[in-house]
Protein chains: 2
Amino acid sequence: MLDFAILGLLREQPRHGYELKRALGDLGFWQVSFGSLYPALRRLEKQGFIEAAKGEGRRKAYRVTEPGRIRFGEMLLESGDDSDRDFQLRLAFLGYVAPQSRLGVLEDRRTALQDRLHGARRSFRGARSGARNPDRYRMALMERRVRSTEADIAWLDELIAGERSAAAGA
Amino acid sequence: MLDFAILGLLREQPRHGYELKRALGDLGFWQVSFGSLYPALRRLEKQGFIEAAKGEGRRKAYRVTEPGRIRFGEMLLESGDDSDRDFQLRLAFLGYVAPQSRLGVLEDRRTALQDRLHGARRSFRGARSGARNPDRYRMALMERRVRSTEADIAWLDELIAGERSAAAGA
DNA sequence: CTCCGATGTATCGAATCGATATAACTATAT
DNA sequence: ATATAGTTATATCGATTCGATACATCGGAG
């Protein structure tokens, strides 16, 4: 997934390593480490998906190659798992997905969140009434999970609504 | 942190590997893999913090040793970073923290979340009005971050209020 | 009776993390 | 002028964690 993120960010503009780390961190949900980033850059370079040109000073400016662009396009369409980070990353690059496919991505995510919500509610209720008596803090964790999933679905529904009206308006 | 989680769960009752994975997953925020769990068990056993007794069938029932209990107590007090997962894990075992120290843990977390909220709001507003024009999806991600942090603080505040009244009532 | 999913332990390679090293540049304070 | 400290920048190391996979047993459904 880091490879995907790097290709996506470099697609927008050439960047050097340090700048990539900042850009990725600025997305808000992944503080990637240098120990991941630099090996990933070398990996991608060896595969021919990116290439380095020396920038000013010590900087190494990387840019995507044509095979890299193609690879990015493929990864964009691969069925995503339901990891939060993966979805957010995919969303960050949803602008590169064909407009008619975007709604599907969002709706798949909604289904996954709905499932999660059911599971969270079930364990919350089960803990409340069951034979086991979890302490206050475990209960709070379960409640947090229910609430944050609900909030996430609400946020996603707004995004879906916006997507629908964008599709209708276009 | 996995070591901490294992010691905490084994403190409650002896469990075998598969059961530990389930119990950890049931906490709701960490689906640990066997590739992490079994090496961790061997690590802890070698350090003398846990010991295995053969349970029924193939099962290996692990239980905490006295050094393990002490180690767990130490880890409980170590200053936590601001990782979400670390906090939730700490919260799951907050019942083992001395009652007069619990409020401090929660308030430290609140400070960290408040900082995060400021950062999230700053980048949200900056992106809205700045020279850069991020696409709809990036904006949505930033808004999500703001909202979920707000919701998390609200949830935490309820927990803190409950903690205060518990302290007063006792 | 057989197939299938859950239980259970285990390992492998790869990805990622967190800490650290190094060094130059920049601003601030003394 | 010159320490001091923080940011920029690339890089590597060991340890942790992940995801996939292997293998075997057990219980229930068809």
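Side chains included, hydrogens not; waters and symmetry mates left out as well; all remaining heavy atoms used. Quick caveat, the model's predicted, so the values are computed rather than measured. Note on naming: letters A, B, ... go to the chains in the order of the sequence lines (proteins, then strands), and numbering restarts at 1 for each one.
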Distance check: side-chain N/O of W30(A) vs OP1/OP2 of dA15(C), anything under 4.0 Å? no

Among dT11(C), dT16(D), dT10(D), find the nucleotide with the atom closest to the side chain of R43(B). dT16(D)

Mutual orientation of the aromatic rings belonging to F72(B) and F93(B) [parallel < 30°, tilted 30-60°, perpendicular > 60°]: perpendicular

Can you check whether any acceptor in the base of dT7(C) is under 3.5 Å from a donor in the side chain of R58(B), or vice versa? yes

Could you check how far CZ of R85(A) sits from P of dA15(C), rounded to whole Å? 13 Å

What nucleotide among dG8(C), dT10(D), dT16(C) has an atom nearest to a side-chain atom of R59(B)? dG8(C)

Rounded distance in Å - CG (L37(B)) to P (dT7(C)): 15 Å

Distance check needed: dT10(D) P versus Y38(A) OH, whole Å only. 4 Å

Side chain of R42(A) only, please: which of dT12(D), dC17(C), dA10(C) is the nearest? dT12(D)

R144(B) side chain reached by Q88(A) side chain, heavy atoms, under 4.5 Å: yes

Map P39(B) and R22(B) onto DNA chain C by nearest heavy atom, then report which one ends up closer to the 5' terminus. R22(B)

Across the strands shown, which category fits G17(A) at heavy-atom distances under 4.0 angstrom: base, sugar-phosphate, nothing? sugar-phosphate

Using whole Å, what does the distance between atom C1' of nucleotide dC17(C) and atom CG of L2(A) come to? 12 Å

Report the residue from D84(A), T149(A), T111(A) that forms a side-chain hydrogen bond (donor to acceptor under 3.5 Å, both in side chains) with R116(A). D84(A)

Value in whole Å for how far the P atom of dA23(C) lies from CZ of F34(A): 17 Å

What is the ring orientation for Y18(A) with F34(A), classed by angle as parallel under 30°, tilted 30 to 60°, or perpendicular over 60°? parallel

From the set dA9(D), dC17(C), dC18(D), return the single nucleotide nearest to any side-chain atom of S36(B). dC18(D)

Rounded to the nearest angstrom, tell me the gap between atom NZ in K46(B) and atom C1' in dA15(D). 12 Å

Return the minimal non-hydrogen interatomic distance between L94(A) and R102(A), and the atom names on each side. O-NE, 3.2 Å

When rounded to whole Å, the CD to P distance for the pair E56(A) and dT10(D) reads 11 Å

Round to the nearest Å and state the distance from F4(A) atom CZ to dA15(C) atom C1'. 17 Å

Under 4.0 Å between a side-chain N/O of K21(A) and OP1 or OP2 of dT8(D), yes or no? no

Please state whether the phosphate of dT7(C), meaning OP1 or OP2, lies under 4.0 angstrom from any side-chain nitrogen or oxygen of Y18(B). yes

